[in-house]
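Data block below; observations after.
Sequential numbering from 1 along the given sequence is applied to the chain's residues. The model shown is predicted, which means the values in this text are computed figures rather than measured ones.
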Amino acid sequence: MKQIKITLVKGLAGTLPVQRATIKALGLGKISSSVVRNADPVNLGMVRVVQHLVKVEEVQ
C-alpha cells in the first residue's frame, strides 16, 4: 500500500476545534513534526480537513 509523509507546517492558533482534534489524531504535535501513514481513504480524508496546515509527500 502507498504511504504518505505528513508534516505540520503551520501552527494551530486560530483553528477550529475539529481541525485541532484531527491534527492530534494524525499524531502531529509541534510545527515540523512528521508522521508516515498509509494512504487509505480514512487518512486522506483527515488530511483534507487540515490541508492548509500540513504538507503531504509520497514515500517510496
query: Do Leu8 and Val50 touch side chain to side chain, with heavy atoms closer than 4.5 Å?
result: no
task: Output all residues satisfying side-chain hydrogen bond (donor to acceptor under 3.5 Å, both in side chains) with Gln19, sequence neighbours left out; order by chain, then residue number.
output: none
query: So if you build clusters from Ile, Leu, Val, Met, Phe, Trp, Tyr with side-chain heavy-atom gaps below 4.5 Å, do Val42 and Val59 land together?
result: no
query: Below 4.5 Å, heavy atoms only, C-beta onward: do Val49 and Met46 meet side chain to side chain?
result: no
- prompt: Out of curiosity, does Leu44 fall in the hydrophobic cluster containing Ile6 (side-chain heavy atoms, cut-off under 4.5 Å, transitive links)?
  reply: yes
- line: Rounded to the nearest 0.5 angstrom, the CD-NZ distance for Glu58 and Lys5 is 13.5 Å
query: Only one of Ile23, Thr7, Thr22, Val35 forms a side chain to side chain contact (heavy atoms under 4.5 Å, CB included) with Val54, so which one is it?
result: Ile23
message: Between Arg37 (side chain only) and Leu26 (backbone N and O only), is there a donor and an acceptor less than 3.5 Å apart?
response: yes
- request: Drop me the distance from Asn43's CG to Lys2's NZ, to the nearest 0.5 angstrom.
  value: 14.0 Å
- prompt: Got His52 and Lys10 here, is their nearest side-chain heavy-atom distance under 4.5 Å?
  reply: no
statement: Of all heavy-atom pairs linking Gly14 and Arg20, the shortest is N-NH2, 3.9 Å
query: side-chain hydrogen bond (donor to acceptor under 3.5 Å, both in side chains) with Ser33: which residues, sequence neighbours excluded?
result: none
